[in-house]
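This structure is in structure tokens; I'll ask about it shortly.
Side chains included, hydrogens not; waters and symmetry mates left out as well; all remaining heavy atoms used. Just so you know, ligand 1 is whichever comes first in the structure, and atom 1 is the first atom listed for that ligand. The structure presented is a predicted model; accordingly, all values stated were derived computationally and were not measured.
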Amino acid sequence: MFDALIQFVRDEYQSDEFIPLHAPVFRGREREYVLETIDSTFVSSVGAFVDRFENQVAQYTGSARAVATVNGTAALHVALRLVGVQPGDLVISQPLTFVATCNAISYLGAEPVFIDVDRATLGLSPRALDNWLEEHAFVDDDGLCRSRADNKIVRACVPMHTFGHPVEIERLVEVCRRWGVALVEDAAESLGSLYRQRHTGTFGAVGTLSFNGNKIITTGGGGMILADGALGARAKHLTTTAKQPHPYEYVHDEVGYNYRLPNLNAALGCAQMEQLEQFVQDKRALASRYEAMLKGGSLQFVREPEGARSNYWLNAVICQDRAERDALLKATNDRGVMTRPIWRLMNQLPAFAHCRHGDLSIAQWLDDRVVNLPSSPTGMQA
Ligand SMILES: *Cc1c(COP(=O)(O)O)cnc(C)c1O
């Protein structure tokens, strides 16, 4: 079973060895830029590559400002602070996400609320969100969205663009605006993905990216906050220990974070950004070959949603049932082709099992069926 698929993957990567889910590709000026930081001694919190990397990402995404951070989780943490999340607040997200989204909510003493995803996008459903708010929330005289049950403020909503496929972000913007809930986009997986020609991560008040080793581009570890000029300036201040600019005095005007991306990592990022569009094209071409190969079989290939351009960060299939999913995972991993199921749903993790949630039947349905396939860029192996 699944012999044809395994052979297809081996042919794509021209390898008889272990094939990972996603490996970084360094075919540009990575070595040159990284050596430049070493030769100059500017490897740490000061150096030109950080500014350059931030400008490259701002330009590529069309964001007014981009602020680099040590990782995507740190970017989310600060993004949520920027929109005013406080202890005791409720923050809506989806059960189908990486744990970082919910960890960041918890760091601020807030509590995630899980709302179901859509089958077509794998991301937060604007209809399910609106329905949940209709049933469980009200807008008070100050325009704050509050839980009917205990008056807690529903401060923010964090949809995630799963595997690079954009959610219905314009509808989510509309629902959040109507309810007075701040929108923060977890675009960690969707650098290079567009919704109606506009880059994911630029629709909400704040967006965040990740450059972890398994993402479409990497800085080793790293992240980015996307925001407008004013929030961007605030993000820079908070992520650099809230230090007031001064030639030699050290004055910090509030509790900040040491979340700045080191210049060494930013150097890698600059070289990776130069190849990003090529990675996206390569991954989109691989996705269409997967789709053609799987056509007519029992595994249903997950396509980009209507009106969106996905970066196809991770290719995915939907199996007929949990038994087929388990058989696919076993057959491929036994033979050195790495595949994996989706993350354990957030509402099932010990840290978040007590959190409130809406009906999660689509997320549960996907949990029984989704498998990710090897997705590294193929056309650029050394
Ligand atoms: C990768 C990722 C993050 C951030 O992860 P870091 O490892 O902290 O950079 C956040 N959310 C999602 C959905 C991710 O996939």
If we ignore angles and hydrogens, is there a donor and acceptor under 3.5 Å between the side chains of D368 and Q364?
no
With a 4.0 Å heavy-atom cut-off (strictly under), which part of D186 contacts ligand 1: side chain, backbone, both or neither?
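The answer is the side chain of D186.
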Looking at R344 and D367, does any basic side-chain N land under 4.0 Å from a carboxylate oxygen?
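Answer for the salt bridge query: no.
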Give the atoms of ligand 1, by number and element, whose distance to some non-hydrogen atom of M160 is under 4.0 Å.
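Ligand 1 atoms under the 4.0 Å threshold to M160: 13 (C).
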Which of the numbered atoms in ligand 1 are below 4.0 angstrom from a heavy atom of T73?
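Result: 4 (C), 5 (O), 6 (P), 8 (O).
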Looking at F98, which atoms of ligand 1 are within less than 4.0 Å of one of its heavy atoms?
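Ligand 1 atoms under the 4.0 Å threshold to F98: 2 (C), 3 (C), 12 (C), 13 (C), 14 (C), 15 (O).
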Hey, does K215 come in under 3.5 Å of ligand 1, counting only N/O atoms on both sides?
yes
Numbered atoms and elements of ligand 1 in range of T97, under 4.0 angstrom, heavy atoms
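Within the 4.0 Å cut-off of T97, ligand 1 contributes 13 (C).
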Should the pair W313 and H22 be assigned to parallel (<30°), tilted (30 to 60°) or perpendicular (>60°) ring geometry?
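It falls in the tilted class, 30° to 60°.
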Do NZ/NE/NH1/NH2 and the carboxylate oxygens of E254 and R234 come within less than 4.0 Å?
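Answer for the salt bridge query: yes.
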Testing R284, Q278, K283, E277 for side-chain hydrogen bond (donor to acceptor under 3.5 Å, both in side chains) with Q281, which one passes?
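Of the listed residues R284, Q278, K283, E277, the side-chain hydrogen bond (donor to acceptor under 3.5 Å, both in side chains) partner of Q281 is E277.
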A188: numbered ligand 1 atoms lying under 4.0 Å from its heavy atoms:
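Selected atoms, number and element: 2 (C), 3 (C), 10 (C), 11 (N), 12 (C), 14 (C).
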Atoms of ligand 1 close to N71 [distance to a heavy atom under 4.0 angstrom, numbered from 1]
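It comes down to these atoms of ligand 1: 8 (O), 9 (O).
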Considering only protein heavy atoms, which is closest to atom 15 (O) of ligand 1, and at what distance to one decimal place?
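Nearest neighbour among protein heavy atoms for atom 15 (O) of ligand 1, to 0.1 Å: E189 OE2, 2.5 Å.
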Numbering the atoms of ligand 1 from 1, which are under 4.0 Å from a heavy atom of S210?
1 (C), 4 (C), 5 (O), 6 (P), 9 (O)
When the ring planes of Y312 and H165 are compared, do they come out parallel, tilted or perpendicular, using 30° and 60° as the limits?
perpendicular
Test item: side-chain donor near acceptor, N212 and S210, under 3.5 Å:
no
Do V99 and F352 make a side-chain contact, defined as non-hydrogen atoms from C-beta onward lying under 4.5 Å apart?
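Touching, per the 4.5 Å side-chain cut-off.
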Can you tell me which residue and heavy atom of the protein come closest to atom 6 (P) of ligand 1, and the distance to 0.1 Å?
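Result: G72 N, 3.6 Å.
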